[in-house]
Amino acid sequence: MPYYIQRGEVPSKRHIQFLRPDGALYSEEVFGTEGFAGPSSTLYHIHPPTQVSGWRALHSTAPEYVETDVLRMRHLQSWKFTAKGDPVSGRRVILGNADVEMSLCQPAEQMAYHFKNAQGDECLYIHFGTGFVRSLFGTLAFKPHDFIVIPRGTIYSMEFDRLADSDRPTDTTQTDMPYGKFVCFEAVNGSHVLPPARYVSKKTSQFLEDAPYCERDLRVPHMPLSYDERGSFEVRIKALNRMHSYDFDYHPLDVIGWDGCYYPYCFNALEFQPLVGMVHLPPPIHQVFEAHNFVICAFCPRPLDFHPKAIPIPYNHSNIDSDEVMYYAAGNYKARRGIEVGSISLHPLGIPHGPHPGTIEQSLGKTHTDELAIMCDTFRPLMPTKEAIALDDGAYPNSWKDLSRKDLSVKDEHFKRLITPTGPTFSR
Ligand SMILES: [Fe+2]
């Protein structure tokens, strides 16, 4: 929702008569937020959007957290995750708090209904798979490493293509993946998932020249937009921590045109323009989105720090007031013990974290990284669910133990020069 666009047909002014070809009026809907003072769009429906019936409550959507008093690092082996449900019913929350819920989904079937999340914005990260999001605002084609931001209230369905064998992960044993796999970050505190405020002009909301992405990198909805069909259509609405089913007697994507600043869009993580420093730069340089009390970052392939004595991996650091979740999406993680593509690490507030023993020395002299990881930092502790415990690698907290520095062997002559006092020094 960063900037104004228009799709389809709209009348010349807001709130005036807009006639269908048969002479009847289109039904205008102002799709507003924050008491009509926040981002909004104005939609024109073939049918009045108020015609809903047949409602019934289906099931609770409130996560059940466990081990809420346990403070420890976690490693969730998400390659053990199995296919289940469709792109909505198959979502299983693994970590969450009062601000954000993080779920995994590996669909086993297509959606036979449309969905509206009336509780919060969704930010999906597509790890594997391609397909389409068909929404009130038009169609989005998605591909691996796309973030799909779907603002609260949007009616949509997700349609995955069947995953080709050549597109499956090759470095894990995960085979139960008929369509793909994605991560969902859902804002559950009423805030919106937005580009960081510091990336856009305060005066015009245009992306600034030093922002790591801009309007051209955002893929906005395109046609087809409108389905003029009569029949029986189910729309499932998530609200009040419960899924509800509603019956529509017309296709719910019946918008003939709309304009505004509130709509879903895609941004591919590989379009992020990483910043690189002479010495190591902190995680905020990797930030892609933010909402109240959490941020989403992408660590993308990039050149590494260029000081001759740079240590090109993170220093030990304390999340004094935040929890940190990393989802390792692509690249070579062999330098991190036990971490593979599909690993999820949770480093909670209260315990410092950093490179595994020996990995600092191994990193010296490296000039680039091919890693791609997605991070969510939260300002309140994250709790695991039973789904997370089922993926938990209990040995992970001990993976920082046991190597003393004298056990480290620096075999490469280049690395030896870099870490000895007689090695090259940096001069201006
Ligand atoms: Fe960290």
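Fair warning: this is a prediction, and the values are worked out from it, not measured in the lab. Values reported hereafter were calculated over all heavy atoms of this structure, with side chains retained and with hydrogens, waters and symmetry mates removed. Indexing begins at 1, ligand by ligand and atom by atom, following the structure's order.
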CD of E34: more than 12 outside heavy atoms within 6.0 angstrom?
yes

What's within reach of the Fe ion (ligand 1), meaning protein N/O/S atoms under 2.8 Å?
H317 NE2, E324 OE1, H353 NE2

Does D99 come within less than 4.0 Å of R380, counting only side-chain N to carboxylate O?
yes

Mind checking salt bridge (charged side-chain N to carboxylate O under 4.0 Å, His left out) for R74 and listing every partner two or more places apart, or none if nothing turns up?
E67, D392

Residue pairs, two or more places apart or on separate chains, that pass salt bridge (charged side-chain N to carboxylate O under 4.0 Å, His left out) and touch residues 133-147:
R134-E159, D146-R219

Begin with the C-alpha distance, continue with both residues' side-chain angles, and end with the deciding distance and a verdict on salt bridge (charged side-chain N to carboxylate O under 4.0 Å, His left out) for R91 and E122.
CA-CA 12 Å; R91 297 177 193 180; E122 297 175 351; 3.0 Å; yes

Partners of E387 by side-chain hydrogen bond (donor to acceptor under 3.5 Å, both in side chains), sequence neighbours excluded?
none

